[in-house]
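First comes the structure, then the notes that go with it.
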Amino acid sequence: MAMRATEQEAYTSILVVAAHPDDEALGCAGTLFRHRSSGAKVHVLFLSDGEMARGASDKALVRRRLAMAEAAAEAMGGLSTRLAGFPDNRLDAVDMLDLVRAVEAEIAEHNPDLIYTHHPGDLNIDHRHAHQAVMTACRPIEGRGVREIRCFEVLSSTEWAGPGLGPVFEPTLFIGLDDAAFAAKRAAFNAYAAEMRPMPHPRSWEVISALAVLRGATAGMPRAEAFFVSRRLVP
Ligand SMILES: [Zn+2]
C-alpha cells in the first residue's frame, strides 16, 4: 500500500499495552495497520485474556479469545502478540509492581519508540491499571527509547465512565483512516465478532464506524481514530 510521508514513519517499533484482546482493535486497529504499512514492527501485550470474570473455568473460551486476537492481528497487517495472563477484571488485585514488570519486559525485548495504551479515565478497572503500569514502566529516564505515549479510546468503557470518575477523554491527535485502514479496522472487528453486540450497543459496527466518522469530521477528515497524547519527547 502506498503511504504518504507522515509522522507515522518516524516510529519503527510500536508497543501496544492492552488490558484485553479486542481493546487494541476498538482503540487503534486502523492506526496500527498504518504503522505496519509504513514498515514499523507492532507488538501487542495483552495483560489479561478477558475471559475469567465470566466464570470460565473452561480453557476453551480462552483459546477461542486468543484465536480471535490472532486473526485480528493478521487483519491489522501482521502484529506479534503476547498474553501476560493476569486475571480479567481484577487487575486492581494484582500488585502494580507485577504489572509494571510485565510491561518493562516487553519494552526490554522490543525497544519501542512509541506506545499505545488505555486512557486513565476509562470505566474498566483493568484499563486504568494498564495505563498506570505503562506510565510507571516509562518513567522518563535518560537513555530510554520511548519517545511518545498515546492513549486510545475503547467504546463501552471510555465514554461510559461519566463525570467524576477520572479525566474525560479529550483527543489531541487524530489519525486519518483511508479506505485500506478502515477496511483493516472492519476486518479486526469481524475477527472479534463474538465479542461484539447489536446496535445500539457501543460495541457494534454501526457505532464503531460512527465514532470513526465523528473523530474524522472533528479534524476535517472523512474518518479517523483519536488519541490523547500523554507524553511526547523530542530528544
Ligand atoms: Zn478492555
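Counting convention: from 1, in listed order, for ligands and their atoms alike. Everything quoted here is computed from the prediction, not taken from an experiment.
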Which of Phe174, Tyr116, Phe152 passes ring pair (Phe, Tyr, Trp, His ring centres under 6.0 Å) with Phe227? It is Tyr116
Going hydrophobic residue to hydrophobic residue with side-chain gaps under 4.5 angstrom, can you get from Met196 over to Phe46?
-> yes
Can you pull the side-chain hydrogen bond (donor to acceptor under 3.5 Å, both in side chains) pairs that have at least one residue in residues 138-147, sequence neighbours excluded?
-> none
Total protein N, O or S atoms, the Zn ion (ligand 1), separation less than 2.8 Å | 4
Please determine if Arg203 and Glu195 form a salt bridge, counting it only when a charged side-chain N lies under 4.0 Å from a carboxylate O.
-> no
Taking only residues two or more places apart in sequence or in another chain, which ones pass side-chain hydrogen bond (donor to acceptor under 3.5 Å, both in side chains) with Glu104?
-> none
Nonpolar side-chain network containing Ile125, other nodes, edges under 4.5 Å = none
